[in-house]
*Asks:* 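Just passing along the structure, written as C-alpha coordinates.
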Number of protein chains: 2
Amino acid sequence: MSPKRATNTAPTPHEVGQALVVASRALVGIAARSLAAIEGELTLPQYRALVWLAERGPSNVGALADAVGIHPSTATRLCDRLVHKRLIRRSNPPGDRREVVLTLAPAGEAIIAQVTRMRHAEIDRLVAGLDATARAEIIRALGRFADAAGELPDDAWQLGWS
Amino acid sequence: MSPKRATNTAPTPHEVGQALVVASRALVGIAARSLAAIEGELTLPQYRALVWLAERGPSNVGALADAVGIHPSTATRLCDRLVHKRLIRRSNPPGDRREVVLTLAPAGEAIIAQVTRMRHAEIDRLVAGLDATARAEIIRALGRFADAAGELPDDAWQLGWS
DNA sequence: CAAAAAGGGTGTAGGACTGCAACTATGACG
DNA sequence: CGTCATAGTTGCAGTCCTACACCCTTTTTG
(Lines give C-alpha, C1' and ligand atoms only; values in the text may rest on other atoms or scores of the structure.)
Protein backbone atom coordinates (compact mmCIF):
# COMPACT_ATOMS: atom_id res chain seq x y z
CA MET A 1 0.00 0.00 0.00
CA SER A 2 2.91 2.38 0.58
CA PRO A 3 4.78 2.49 -2.69
CA LYS A 4 8.45 2.96 -2.09
CA ARG A 5 9.85 5.46 -4.52
CA ALA A 6 12.40 8.21 -4.76
CA THR A 7 10.66 11.27 -3.38
CA ASN A 8 12.40 13.51 -5.88
CA THR A 9 11.00 11.86 -8.97
CA ALA A 10 7.57 12.48 -10.35
CA PRO A 11 5.15 9.77 -9.23
CA THR A 12 3.98 7.39 -11.91
CA PRO A 13 0.30 7.18 -12.74
CA HIS A 14 0.18 3.84 -11.02
CA GLU A 15 1.63 5.23 -7.83
CA VAL A 16 -0.98 7.93 -7.79
CA GLY A 17 -3.53 5.23 -8.42
CA GLN A 18 -2.31 3.46 -5.30
CA ALA A 19 -2.90 6.55 -3.22
CA LEU A 20 -6.34 6.99 -4.70
CA VAL A 21 -7.30 3.40 -4.10
CA VAL A 22 -6.37 3.81 -0.45
CA ALA A 23 -8.30 7.05 -0.17
CA SER A 24 -11.12 5.36 -2.03
CA ARG A 25 -11.42 2.81 0.74
CA ALA A 26 -11.71 5.53 3.34
CA LEU A 27 -14.23 7.57 1.40
CA VAL A 28 -16.32 4.61 0.38
CA GLY A 29 -16.33 3.48 3.98
CA ILE A 30 -17.67 6.85 4.99
CA ALA A 31 -20.32 6.70 2.32
CA ALA A 32 -21.27 3.24 3.47
CA ARG A 33 -21.67 4.34 7.05
CA SER A 34 -23.86 7.25 6.06
CA LEU A 35 -26.00 4.81 4.18
CA ALA A 36 -26.05 2.23 6.94
CA ALA A 37 -27.80 4.76 9.15
CA ILE A 38 -30.93 4.54 7.04
CA GLU A 39 -30.66 0.85 6.35
CA GLY A 40 -33.68 -1.01 7.49
CA GLU A 41 -36.03 1.72 6.44
CA LEU A 42 -34.86 1.78 2.88
CA THR A 43 -33.45 -0.84 0.55
CA LEU A 44 -30.55 -0.04 -1.73
CA PRO A 45 -32.63 0.17 -4.92
CA GLN A 46 -35.05 2.44 -3.14
CA TYR A 47 -32.24 4.70 -2.04
CA ARG A 48 -30.84 4.70 -5.55
CA ALA A 49 -34.18 5.82 -6.87
CA LEU A 50 -34.37 8.65 -4.36
CA VAL A 51 -30.86 9.80 -5.19
CA TRP A 52 -31.66 9.84 -8.84
CA LEU A 53 -34.81 11.86 -8.35
CA ALA A 54 -32.91 14.27 -6.13
CA GLU A 55 -30.26 14.72 -8.81
CA ARG A 56 -32.26 14.90 -11.99
CA GLY A 57 -35.51 16.22 -10.62
CA PRO A 58 -38.99 14.95 -11.50
CA SER A 59 -39.02 12.07 -13.91
CA ASN A 60 -41.27 9.45 -15.38
CA VAL A 61 -41.15 5.78 -14.49
CA GLY A 62 -39.31 4.64 -17.59
CA ALA A 63 -36.45 7.06 -17.16
CA LEU A 64 -36.04 6.09 -13.56
CA ALA A 65 -36.05 2.39 -14.38
CA ASP A 66 -33.42 3.05 -16.99
CA ALA A 67 -31.25 5.11 -14.66
CA VAL A 68 -31.38 2.67 -11.79
CA GLY A 69 -31.00 -0.22 -14.18
CA ILE A 70 -34.13 -2.17 -13.38
CA HIS A 71 -37.07 -3.50 -15.34
CA PRO A 72 -39.93 -1.03 -15.81
CA SER A 73 -42.31 -3.33 -14.02
CA THR A 74 -39.90 -3.52 -11.11
CA ALA A 75 -39.77 0.25 -11.10
CA THR A 76 -43.53 0.46 -10.93
CA ARG A 77 -43.68 -1.63 -7.80
CA LEU A 78 -40.65 0.00 -6.28
CA CYS A 79 -42.45 3.32 -6.73
CA ASP A 80 -45.54 1.80 -5.14
CA ARG A 81 -43.53 1.24 -1.99
CA LEU A 82 -41.87 4.64 -2.04
CA VAL A 83 -45.24 6.32 -2.52
CA HIS A 84 -46.64 4.28 0.34
CA LYS A 85 -43.77 5.47 2.52
CA ARG A 86 -44.56 9.02 1.38
CA LEU A 87 -41.03 9.50 0.07
CA ILE A 88 -42.08 10.25 -3.51
CA ARG A 89 -45.24 11.38 -5.22
CA ARG A 90 -46.93 10.25 -8.40
CA SER A 91 -48.76 12.79 -10.48
CA ASN A 92 -50.42 12.92 -13.87
CA PRO A 93 -48.94 15.80 -15.77
CA PRO A 94 -50.82 17.75 -18.39
CA GLY A 95 -49.80 16.96 -21.91
CA ASP A 96 -49.07 13.26 -22.34
CA ARG A 97 -51.64 11.47 -20.24
CA ARG A 98 -49.80 8.17 -20.41
CA GLU A 99 -46.88 9.44 -18.42
CA VAL A 100 -46.61 9.45 -14.67
CA VAL A 101 -44.33 12.02 -13.13
CA LEU A 102 -42.44 11.03 -10.01
CA THR A 103 -41.46 13.76 -7.60
CA LEU A 104 -39.40 13.61 -4.46
CA ALA A 105 -41.63 14.29 -1.47
CA PRO A 106 -40.37 16.36 1.48
CA ALA A 107 -39.68 13.22 3.50
CA GLY A 108 -37.65 11.85 0.61
CA GLU A 109 -35.62 15.03 0.35
CA ALA A 110 -35.03 14.85 4.07
CA ILE A 111 -33.53 11.37 3.79
CA ILE A 112 -31.19 12.38 1.01
CA ALA A 113 -30.16 15.45 2.93
CA GLN A 114 -29.56 13.39 6.02
CA VAL A 115 -27.25 10.96 4.27
CA THR A 116 -25.34 13.78 2.61
CA ARG A 117 -25.09 15.65 5.87
CA MET A 118 -23.74 12.65 7.72
CA ARG A 119 -21.14 12.03 5.09
CA HIS A 120 -20.10 15.65 5.10
CA ALA A 121 -19.90 15.73 8.88
CA GLU A 122 -17.69 12.69 9.02
CA ILE A 123 -15.36 13.97 6.35
CA ASP A 124 -15.18 17.36 8.02
CA ARG A 125 -14.26 15.66 11.27
CA LEU A 126 -11.28 14.08 9.54
CA VAL A 127 -10.23 17.27 7.83
CA ALA A 128 -10.32 19.16 11.11
CA GLY A 129 -7.28 17.20 12.19
CA LEU A 130 -5.16 18.45 9.29
CA ASP A 131 -3.07 21.58 9.18
CA ALA A 132 -3.61 24.45 6.78
CA THR A 133 -0.98 23.29 4.31
CA ALA A 134 -2.46 19.85 4.04
CA ARG A 135 -5.92 21.31 3.57
CA ALA A 136 -4.81 23.54 0.75
CA GLU A 137 -3.08 20.63 -0.92
CA ILE A 138 -6.12 18.45 -0.72
CA ILE A 139 -8.29 21.14 -2.23
CA ARG A 140 -5.98 21.59 -5.21
CA ALA A 141 -5.27 17.92 -5.71
CA LEU A 142 -8.81 16.66 -5.47
CA GLY A 143 -10.08 19.47 -7.57
CA ARG A 144 -7.94 18.27 -10.41
CA PHE A 145 -8.89 14.69 -9.87
CA ALA A 146 -12.59 15.50 -9.81
CA ASP A 147 -12.16 17.43 -13.04
CA ALA A 148 -10.54 14.43 -14.66
CA ALA A 149 -13.23 12.13 -13.34
CA GLY A 150 -15.91 14.46 -14.57
CA GLU A 151 -14.76 14.01 -18.11
CA LEU A 152 -15.75 10.38 -18.10
CA PRO A 153 -19.11 9.22 -19.37
CA ASP A 154 -21.28 9.81 -16.37
CA ASP A 155 -22.57 6.39 -15.50
CA ALA A 156 -21.28 6.59 -11.99
CA TRP A 157 -24.88 6.57 -10.89
CA GLN A 158 -25.31 3.04 -12.07
CA LEU A 159 -25.55 1.84 -8.52
CA GLY A 160 -27.08 4.97 -7.15
CA TRP A 161 -24.29 5.95 -4.80
CA SER A 162 -24.11 9.67 -4.50
CA MET B 1 -19.52 22.39 -5.65
CA SER B 2 -16.69 24.85 -6.33
CA PRO B 3 -16.40 26.87 -3.16
CA LYS B 4 -15.51 30.44 -3.95
CA ARG B 5 -12.83 31.62 -1.60
CA ALA B 6 -9.79 33.85 -1.50
CA THR B 7 -7.00 31.71 -2.87
CA ASN B 8 -4.49 33.27 -0.52
CA THR B 9 -6.23 32.25 2.68
CA ALA B 10 -6.01 28.82 4.21
CA PRO B 11 -9.07 26.75 3.33
CA THR B 12 -11.47 26.05 6.15
CA PRO B 13 -12.14 22.46 7.17
CA HIS B 14 -15.54 22.71 5.58
CA GLU B 15 -14.09 23.81 2.26
CA VAL B 16 -11.78 20.85 2.29
CA GLY B 17 -14.77 18.74 3.15
CA GLN B 18 -16.49 20.04 0.02
CA ALA B 19 -13.61 18.93 -2.13
CA LEU B 20 -13.56 15.54 -0.50
CA VAL B 21 -17.28 15.05 -0.91
CA VAL B 22 -16.90 15.75 -4.61
CA ALA B 23 -14.00 13.36 -4.90
CA SER B 24 -15.97 10.91 -2.84
CA ARG B 25 -18.69 10.88 -5.47
CA ALA B 26 -16.17 10.11 -8.17
CA LEU B 27 -14.43 7.38 -6.23
CA VAL B 28 -17.61 5.78 -5.00
CA GLY B 29 -18.89 5.83 -8.53
CA ILE B 30 -15.81 3.98 -9.63
CA ALA B 31 -16.24 1.44 -6.87
CA ALA B 32 -19.85 1.02 -7.85
CA ARG B 33 -19.01 0.39 -11.46
CA SER B 34 -16.43 -2.21 -10.54
CA LEU B 35 -19.10 -3.91 -8.51
CA ALA B 36 -21.78 -3.59 -11.15
CA ALA B 37 -19.63 -5.69 -13.45
CA ILE B 38 -20.25 -8.74 -11.29
CA GLU B 39 -23.82 -7.88 -10.43
CA GLY B 40 -26.21 -10.57 -11.39
CA GLU B 41 -23.87 -13.30 -10.35
CA LEU B 42 -23.42 -12.00 -6.86
CA THR B 43 -25.66 -10.08 -4.49
CA LEU B 44 -24.30 -7.30 -2.33
CA PRO B 45 -24.32 -9.31 0.93
CA GLN B 46 -22.56 -12.14 -0.86
CA TYR B 47 -19.91 -9.76 -2.11
CA ARG B 48 -19.54 -8.32 1.35
CA ALA B 49 -18.96 -11.78 2.73
CA LEU B 50 -16.31 -12.52 0.13
CA VAL B 51 -14.53 -9.25 0.82
CA TRP B 52 -14.48 -9.96 4.49
CA LEU B 53 -13.08 -13.43 4.01
CA ALA B 54 -10.45 -12.03 1.67
CA GLU B 55 -9.43 -9.44 4.24
CA ARG B 56 -9.50 -11.37 7.47
CA GLY B 57 -8.80 -14.83 6.17
CA PRO B 58 -10.62 -18.03 7.15
CA SER B 59 -13.37 -17.50 9.67
CA ASN B 60 -16.29 -19.23 11.29
CA VAL B 61 -19.91 -18.48 10.52
CA GLY B 62 -20.58 -16.41 13.61
CA ALA B 63 -17.72 -14.02 13.03
CA LEU B 64 -18.74 -13.52 9.44
CA ALA B 65 -22.34 -12.87 10.41
CA ASP B 66 -21.14 -10.34 12.92
CA ALA B 67 -18.83 -8.63 10.49
CA VAL B 68 -21.35 -8.37 7.71
CA GLY B 69 -24.04 -7.43 10.17
CA ILE B 70 -26.53 -10.19 9.54
CA HIS B 71 -28.24 -12.81 11.66
CA PRO B 72 -26.32 -16.07 12.08
CA SER B 73 -29.11 -18.00 10.44
CA THR B 74 -28.97 -15.66 7.48
CA ALA B 75 -25.24 -16.21 7.32
CA THR B 76 -25.71 -19.95 7.23
CA ARG B 77 -27.91 -19.77 4.21
CA LEU B 78 -25.82 -17.12 2.53
CA CYS B 79 -22.88 -19.49 2.90
CA ASP B 80 -24.97 -22.30 1.48
CA ARG B 81 -25.29 -20.28 -1.72
CA LEU B 82 -21.66 -19.26 -1.83
CA VAL B 83 -20.57 -22.86 -1.32
CA HIS B 84 -22.95 -23.95 -4.04
CA LYS B 85 -21.35 -21.37 -6.36
CA ARG B 86 -17.96 -22.74 -5.32
CA LEU B 87 -16.79 -19.33 -4.14
CA ILE B 88 -16.11 -20.42 -0.58
CA ARG B 89 -15.49 -23.70 1.19
CA ARG B 90 -16.80 -25.10 4.43
CA SER B 91 -14.53 -27.32 6.49
CA ASN B 92 -14.62 -28.90 9.92
CA PRO B 93 -11.43 -27.96 11.65
CA PRO B 94 -9.80 -30.13 14.28
CA GLY B 95 -10.35 -28.94 17.82
CA ASP B 96 -13.80 -27.55 18.34
CA ARG B 97 -16.08 -29.75 16.29
CA ARG B 98 -18.97 -27.34 16.57
CA GLU B 99 -17.24 -24.72 14.49
CA VAL B 100 -17.29 -24.51 10.74
CA VAL B 101 -14.42 -22.76 9.04
CA LEU B 102 -15.15 -20.80 5.91
CA THR B 103 -12.38 -20.35 3.38
CA LEU B 104 -12.31 -18.35 0.20
CA ALA B 105 -12.14 -20.73 -2.74
CA PRO B 106 -10.01 -19.90 -5.79
CA ALA B 107 -13.05 -18.71 -7.72
CA GLY B 108 -13.93 -16.40 -4.85
CA GLU B 109 -10.44 -14.97 -4.76
CA ALA B 110 -10.66 -14.41 -8.48
CA ILE B 111 -13.81 -12.34 -8.12
CA ILE B 112 -12.31 -10.14 -5.43
CA ALA B 113 -9.20 -9.68 -7.51
CA GLN B 114 -11.26 -8.81 -10.55
CA VAL B 115 -13.21 -6.09 -8.77
CA THR B 116 -10.07 -4.62 -7.28
CA ARG B 117 -8.32 -4.73 -10.62
CA MET B 118 -11.16 -2.97 -12.38
CA ARG B 119 -11.26 -0.25 -9.79
CA HIS B 120 -7.53 0.24 -10.01
CA ALA B 121 -7.60 0.33 -13.77
CA GLU B 122 -10.27 2.95 -13.89
CA ILE B 123 -8.54 5.16 -11.35
CA ASP B 124 -5.26 4.79 -13.20
CA ARG B 125 -6.94 5.85 -16.40
CA LEU B 126 -8.01 9.08 -14.75
CA VAL B 127 -4.63 9.72 -13.22
CA ALA B 128 -2.94 9.25 -16.57
CA GLY B 129 -4.51 12.48 -17.70
CA LEU B 130 -2.85 14.52 -14.98
CA ASP B 131 0.52 16.17 -15.12
CA ALA B 132 3.42 15.35 -12.83
CA THR B 133 2.76 18.21 -10.43
CA ALA B 134 -0.83 17.23 -9.93
CA ARG B 135 0.17 13.63 -9.35
CA ALA B 136 2.68 14.56 -6.70
CA GLU B 137 0.12 16.72 -4.99
CA ILE B 138 -2.47 13.99 -4.94
CA ILE B 139 -0.01 11.55 -3.45
CA ARG B 140 0.89 13.91 -0.62
CA ALA B 141 -2.62 15.14 0.01
CA LEU B 142 -4.33 11.79 0.00
CA GLY B 143 -1.62 10.24 2.07
CA ARG B 144 -2.38 12.70 4.81
CA PHE B 145 -6.09 12.19 4.47
CA ALA B 146 -5.78 8.43 4.58
CA ASP B 147 -3.67 8.74 7.70
CA ALA B 148 -6.34 10.85 9.35
CA ALA B 149 -9.04 8.43 8.26
CA GLY B 150 -7.07 5.52 9.55
CA GLU B 151 -7.23 6.86 13.05
CA LEU B 152 -10.96 6.41 13.19
CA PRO B 153 -12.57 3.30 14.64
CA ASP B 154 -12.47 0.91 11.77
CA ASP B 155 -16.08 0.10 11.13
CA ALA B 156 -15.83 1.13 7.52
CA TRP B 157 -16.46 -2.47 6.64
CA GLN B 158 -19.97 -2.29 7.91
CA LEU B 159 -21.29 -2.48 4.38
CA GLY B 160 -18.50 -4.54 2.99
CA TRP B 161 -17.08 -2.07 0.54
CA SER B 162 -13.40 -2.52 0.09
C1' DC C 1 -59.24 6.77 -39.28
C1' DA C 2 -56.80 2.46 -38.49
C1' DA C 3 -52.40 0.49 -37.18
C1' DA C 4 -48.24 0.86 -34.77
C1' DA C 5 -45.60 2.68 -30.98
C1' DA C 6 -44.98 4.37 -26.36
C1' DG C 7 -45.81 4.60 -21.29
C1' DG C 8 -47.32 2.13 -17.41
C1' DG C 9 -49.56 -1.22 -14.74
C1' DT C 10 -50.83 -6.48 -13.46
C1' DG C 11 -50.36 -11.38 -13.11
C1' DT C 12 -47.23 -14.73 -12.12
C1' DA C 13 -43.14 -16.96 -10.45
C1' DG C 14 -38.79 -17.44 -8.39
C1' DG C 15 -34.65 -16.14 -5.73
C1' DA C 16 -32.57 -13.67 -2.01
C1' DC C 17 -32.38 -11.44 2.48
C1' DT C 18 -34.27 -10.87 7.08
C1' DG C 19 -35.29 -12.23 11.84
C1' DC C 20 -37.35 -15.21 15.40
C1' DA C 21 -37.80 -19.53 17.50
C1' DA C 22 -36.67 -24.16 18.13
C1' DC C 23 -33.35 -27.88 17.68
C1' DT C 24 -28.80 -30.65 17.46
C1' DA C 25 -24.21 -31.28 18.62
C1' DT C 26 -20.32 -30.11 21.13
C1' DG C 27 -17.65 -28.12 24.70
C1' DA C 28 -16.88 -26.16 29.39
C1' DC C 29 -17.62 -26.00 34.20
C1' DG C 30 -18.80 -27.61 38.84
C1' DC D 1 -22.16 -36.74 35.57
C1' DG D 2 -25.39 -32.97 35.14
C1' DT D 3 -25.98 -28.29 33.72
C1' DC D 4 -25.22 -24.43 31.08
C1' DA D 5 -23.17 -22.02 27.23
C1' DT D 6 -21.63 -22.04 22.42
C1' DA D 7 -21.78 -22.88 17.27
C1' DG D 8 -24.42 -23.79 13.84
C1' DT D 9 -28.52 -25.37 11.40
C1' DT D 10 -33.44 -25.66 10.15
C1' DG D 11 -38.44 -24.34 10.07
C1' DC D 12 -41.24 -20.60 9.31
C1' DA D 13 -42.92 -16.26 7.71
C1' DG D 14 -42.50 -11.93 5.60
C1' DT D 15 -40.62 -8.28 2.39
C1' DC D 16 -38.29 -7.05 -1.55
C1' DC D 17 -36.16 -7.40 -6.08
C1' DT D 18 -36.32 -9.43 -10.57
C1' DA D 19 -37.97 -10.57 -15.09
C1' DC D 20 -41.32 -12.24 -18.57
C1' DA D 21 -45.68 -12.06 -20.62
C1' DC D 22 -49.74 -9.69 -21.20
C1' DC D 23 -53.02 -5.84 -20.95
C1' DC D 24 -54.88 -1.06 -21.02
C1' DT D 25 -54.54 3.66 -22.37
C1' DT D 26 -52.82 7.29 -25.01
C1' DT D 27 -50.23 9.17 -28.70
C1' DT D 28 -48.24 9.17 -33.07
C1' DT D 29 -48.17 8.11 -37.75
C1' DG D 30 -49.23 6.49 -42.38
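The shown structure was predicted, so the numbers you read here are calculated from the model rather than taken from an experiment. Chain letters run A, B, ... following the sequence lines, proteins first, then strands; residues in each count from 1.
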*Asks:* Salt bridge (Lys or Arg N to Asp or Glu O under 4.0 Å) for D124(A) and R117(A)? Distances and angles first, verdict last.
*Replies:* CA-CA 10 Å; D124(A) 283 2; R117(A) 204 166 43 238; over 6 Å; no

*Asks:* Determine whether P58(A) and R89(A) make a side-chain contact, defined as any pair of heavy atoms from C-beta on separated by less than 4.5 Å.
*Replies:* no

*Asks:* Is any side-chain N or O of T43(A) closer than 4.0 Å to OP1 or OP2 of dC17(D)?
*Replies:* yes

*Asks:* Treat each ILVMFWY residue as a node, draw an edge where side-chain heavy atoms are under 4.5 Å apart, and state whether I88(B) and V101(B) are in one component.
*Replies:* no

*Asks:* Within residues 93-100 of chain A, which residues have any heavy atom lying less than 4.0 Å from an atom of DNA chain D?
*Replies:* G95(A), D96(A), R97(A), R98(A)

*Asks:* Quick check on DNA chain D: between P45(A) and T76(B), whose nearest nucleotide comes earlier from the 5' end?
*Replies:* T76(B)

*Asks:* Using side-chain heavy atoms (C-beta onward) and a distance below 4.5 Å, is P45(A) in contact with L78(A)?
*Replies:* yes

*Asks:* Of the candidate nucleotides dC17(C), dC12(D), dT9(D), which contains the atom at the shortest distance from the side chain of R77(B)?
*Replies:* dC12(D)

*Asks:* Nearest to the side chain of H71(A), which nucleotide is it out of dC20(D), dG8(C), dG19(C)?
*Replies:* dC20(D)

*Asks:* Can you list the residues that meet the side-chain hydrogen bond (donor to acceptor under 3.5 Å, both in side chains) rule with R86(B), with sequence neighbours excluded?
*Replies:* none

*Asks:* Report the nucleotide, chosen from dG8(C), dT18(C), dT9(D), that has the shortest atom-to-atom distance to any side-chain atom of R90(B).
*Replies:* dT9(D)

*Asks:* Closer than 4.0 Å, any side-chain N/O of T74(A) to the OP1 or OP2 of dC17(D)?
*Replies:* no

*Asks:* Side chain of K85(B), backbone of E41(B): donor and acceptor closer than 3.5 Å?
*Replies:* yes

*Asks:* Do any side-chain nitrogens or oxygens of S73(A) fall under 4.0 Å of OP1 or OP2 in dG8(C)?
*Replies:* no

*Asks:* Check whether L42(B) and M118(B) end up in the same hydrophobic cluster, where Ile, Leu, Val, Met, Phe, Trp and Tyr are linked by side-chain heavy atoms less than 4.5 Å apart.
*Replies:* no

*Asks:* For R81(B), what residues pass the side-chain hydrogen bond (donor to acceptor under 3.5 Å, both in side chains) criterion, not counting sequence neighbours?
*Replies:* none

*Asks:* Which residues pass the side-chain contact (heavy atoms from CB on, under 4.5 Å) test with S59(A), not counting sequence neighbours?
*Replies:* W52(A), L53(A), A63(A), L64(A)

*Asks:* Could you tell me the separation between the CG atom of L82(A) and the OG1 atom of T43(A), rounded to the nearest 0.5 Å?
*Replies:* 7.5 Å

*Asks:* For the helix from dC1(C)-dG30(D) to dG30(C)-dC1(D), what angle lies between the axis at the first five pairs and the axis at the last five pairs, to 10 degrees?
*Replies:* 10°

*Asks:* By a strict heavy-atom criterion of less than 4.0 Å, which residues belonging to residues 101-111 of chain A are in contact with DNA chain C?
*Replies:* none

